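Scroll down for the structure; my scribbles are underneath it.
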Number of protein chains: 2
Amino acid sequence: MQSDFAGLPRLEDVAREAGVSASTASRVLNGNRPVADGYRQRVLAAARLLGYTANLAAQATARGRYPAVGLVVGDISDQFFARVASGVIHESSKRGLVVNIVSTDGDAGRELEVIRELRRQRPQSLVLVRKRDSTPAANAGLVVELQSFEREGGRVVVVGESSRPMSAIRPPDFDGGKELARALTKLGYRSFAAVTSADPVRSSDDRIDGFRAGLSAAGIALADRDVYSAHSSLPGGMQAAAQYLASGRTVELIFAIEDMMALGVLYGLERAGISVPKDIAVAGYGGRRMETVDLHGLDLTTVRAPLEEMGAAAVSMTVENDEPAVIGLQPEVILRASTPPR
Amino acid sequence: MQSDFAGLPRLEDVAREAGVSASTASRVLNGNRPVADGYRQRVLAAARLLGYTANLAAQATARGRYPAVGLVVGDISDQFFARVASGVIHESSKRGLVVNIVSTDGDAGRELEVIRELRRQRPQSLVLVRKRDSTPAANAGLVVELQSFEREGGRVVVVGESSRPMSAIRPPDFDGGKELARALTKLGYRSFAAVTSADPVRSSDDRIDGFRAGLSAAGIALADRDVYSAHSSLPGGMQAAAQYLASGRTVELIFAIEDMMALGVLYGLERAGISVPKDIAVAGYGGRRMETVDLHGLDLTTVRAPLEEMGAAAVSMTVENDEPAVIGLQPEVILRASTPPR
DNA sequence: TTGAAAGCGGTACCAC
DNA sequence: GTGGTACCGCTTTCAA
């Protein structure tokens, strides 16, 4: 073989350099068992001198476990997946775990396939990130695969949607919608419209449901005819704004379940001569870092979805062996200029 | 140790089940050397029956190389990194390589640190993705580290900025700007303004320079006073639009070096009562999938940066052992409604 | 405390 | 073709 890690120092090289046995060198480097201080120093010096780093794969075969988390995302260019992945990567790094990432390419049917791919590496845990639950059909083989993984000592955590009896971290969409409603009613708003995604994603519904619940608590009803739906994107938001305008109804505030849609709504309204927030207020959801450049009106009120935290929590769950559970995190309402007090 | 891959079938289990030696089983499963067809079938059957998948780490220690690519990104929630990563992941998957991902957290100074982290896994190659070249200071240790990696048979490809004598894949920003200018002049535009990023990123400059070069070819000059700069974001674009309006100058088309900025420009203009594309045209750059919902005017002309392709090309470069080289890919000008023929 | 030796799950050379 | 065996780099008993 040609490129056999050629040149990289092995544990034995360190041991020889330090004049001790490989066992001792190993003990020093892994710091578990006691080693005479003189030897300890020499081993450490030798390791530093040679620039030694343990071969993770060899360690893994010897130890019987690979300190890795397998990360399955749908599409890493999508903000949702990217932000969760970011959290997974950071938390893993903190905990000395490496991250092996695979993508289903947006095709949920490939989940099983990529998980098998991932398992070749014998990761300690699997973090599946999804926007929607897998279809019952795809689910069949998947559940078998995951259970066998857990039976072999692996841990699985699903971030996002999951109906399976499996540890999961759900985005606090309902609560986020609810708290937003509460904050807005507290600001004095009394009549609302909402814009949701035409795509059946659970998050959207939850946000709307939560929003509605929050309004109810203040004695305000959100009529179905005041809920518009469109593609979850900036253009979609413009379309929704057009629908709203065409309806002839007027409300004090429009809540869009996604920031880009909210921007689209904003844009659609303004180009129709309706000023935000003077004539109407707008709120979004997502909380992507929308640089708060001081621009009249573009300071969008939003709810920050704790996606990075969810990714981090997923990793934590897999290492601390808590009971399987479904946990949620706290959303954060961010009030800005697009919804001034009334 | 508890979770020692417990329960997972080993090669030996497959061999026993098939009634052959481990060597033979290995040969069948790796398909290199000849094996009698009878045995072959039995081994394959046994493997299928037991659900056997080779332990990648063990294979790696035995073979002396790990079929993995180490991917270093600055911030995976950033579209640029995410799209490149997407390409890396797909291409790797195609080629049977696993992807180990780490992030510098946006702190270029951490690059060396995370690369060391990555090298514990003995990946065959390293793909570094960056928006800007590393600082000379950080560069010092980095170059040593990377050269030692290459000396040991690893391959390194930088995607994005790199001044080092190292294989790199540069985004075709200059060409993209140039081709855009050519396409626009061909449509009949004659006077232009541009909006660039206040942040010193090479891509921005290249796009502007290319744009300028393209205009020159048509005998048109882009004056410095017609180049505005702002934060590369939607609000930044709005600011730039405000600057443009305040300048009192009028041009036929405004080119912003980033799509979100272009949208901000669009928005800023329209809210000032200037209609796009009726009164003025706008073009962007980036080509993120901007869903082409049929909305008057929001169909933004742009240049598609081939980021996924760059990621894929990086992986290809590391496996096909071409000479180290700096290669570029083709940008794609996408003319849409925001720049109608004049 | 320390080192020798036996693994970990595989691969690949060797002789039959 | 096939199986025995040494070995990959590291960990972890086990005796000394």
Side-chain angles (χ1 to χ4, degrees), chain A residues 1-43 46-47 50-67 119-124 152-153, chain B residues 1-43 47 50-67 119-122 124 152-153:
Chain A
M1 300 300 81
Q2 45 219 32
S3 66
D4 2 355
F5 307 150
L8 278 188
R10 296 158 307 149
L11 180 62
E12 203 191 303
D13 298 321
V14 174
R16 184 179 324 108
E17 176 74 25
V20 300
S21 73
S23 331
T24 299
S26 171
R27 287 192 274 256
V28 170
L29 266 11
N30 295 297
N32 6 353
R33 312 228 157 278
V35 170
D37 204 61
Y39 280 179
R40 169 181 308 287
Q41 300 307 338
R42 281 161 56 186
V43 170
L50 269 46
Y52 174 78
T53 336
N55 179 324
L56 207 50
Q59 259 180 337
T61 54
R63 294 213 246 245
R65 70 206 125 83
Y66 203 112
R119 289 192 65 192
R120 295 198 300 151
Q121 297 173 82
R122 308 291 188 268
Q124 291 184 159
E152 284 138 20
Chain B
M1 299 302 81
Q2 44 220 32
S3 64
D4 357 357
F5 307 150
L8 278 187
R10 297 156 307 148
L11 180 62
E12 203 190 303
D13 299 322
V14 174
R16 184 178 326 107
E17 176 74 25
V20 300
S21 74
S23 327
T24 299
S26 172
R27 286 192 276 257
V28 171
L29 267 10
N30 294 299
N32 4 356
R33 311 228 158 276
V35 172
D37 206 59
Y39 280 179
R40 169 180 307 288
Q41 299 307 336
R42 282 163 54 189
V43 169
L50 271 44
Y52 174 78
T53 335
N55 179 324
L56 206 52
Q59 261 182 335
T61 54
R63 294 213 246 246
R65 69 206 125 83
Y66 203 111
R119 290 192 65 192
R120 295 198 301 151
Q121 297 174 81
R122 308 290 188 267
Q124 290 184 161
E152 284 138 21

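Worth saying up front: this structure is predicted, and the values here are computed from it rather than measured. To find a chain, count down the sequence lines: A is the first, B the second, and so on, and within it residues start at 1.
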Results of side-chain contact (heavy atoms from CB on, under 4.5 Å) for B:Arg10 - residues two or more places apart only = B:Glu12, B:Asp13, B:Arg16
note = Here the distance between atom C1' of C:dG9 and atom CG of B:Leu50, to the nearest Å, is 15 Å
ask   = Can a side chain N or O of A:Ser26 be found less than 4.0 Å away from OP1 or OP2 on D:dC10?
value = no
remark   = From the candidates C:dT1, D:dC10, D:dC8, the one with an atom nearest any side-chain atom of A:Pro34 is C:dT1
d(CG, A:Leu56; C1', D:dC10) in whole Å = 11 Å
ask   = Rounded to the Å, how far apart are B:Arg65 CZ and D:dC8 C1'?
value = 12 Å
note = Rounded to whole Å, CG of A:Leu29 lies from C1' of D:dT12 at a distance of 15 Å
Close N/O contacts between protein and nucleotides 14-16 of chain C (under 3.5 Å):
none

message = Applying side-chain contact (heavy atoms from CB on, under 4.5 Å), can you list everything that pairs with A:Ala25, at least two apart in sequence or on another chain?
response = A:Leu11, A:Ala15, A:Val20, A:Val43
query = Do the side-chain N or O atoms of A:Asn55 get closer than 4.0 angstrom to the phosphate oxygens (OP1, OP2) of D:dC8?
reply = no
inquiry  = Of the listed nucleotides (C:dG9, C:dT11, D:dG3), which one gets closest to any side-chain atom of B:Asn30?
reply    = C:dT11
request  = Name all residues meeting the side-chain contact (heavy atoms from CB on, under 4.5 Å) criterion together with A:Gln59; count only those two or more places apart in sequence or in a different chain, and write none if there are none.
outcome  = A:Asn30, A:Ala54, A:Leu56, A:Arg63
Out of D:dG9, C:dG10, D:dT11, whichever nucleotide has its closest atom nearest the side chain of A:Gln59 = D:dT11
inquiry  = Rounding to an integer number of Å, can you tell me how far B:Tyr66 OH sits from C:dG10 C1'?
reply    = 13 Å
query = Residues from residues 14-24 of chain B sitting under 4.0 Å of DNA chain D, heavy atoms only?
reply = B:Val20, B:Ser21, B:Ser23, B:Thr24
request  = Write down the distance between CZ (B:Arg119) and P (D:dG9), rounded to a whole number of angstrom.
outcome  = 15 Å
ask   = Can you tell which of D:dT2, C:dT11, D:dT11 lies closest to the side chain of B:Ala36?
value = D:dT2
note = Between its two end axes (five pairs each) the helix from C:dT1-D:dA16 to C:dC16-D:dG1 turns, nearest 10 degrees, through 40°
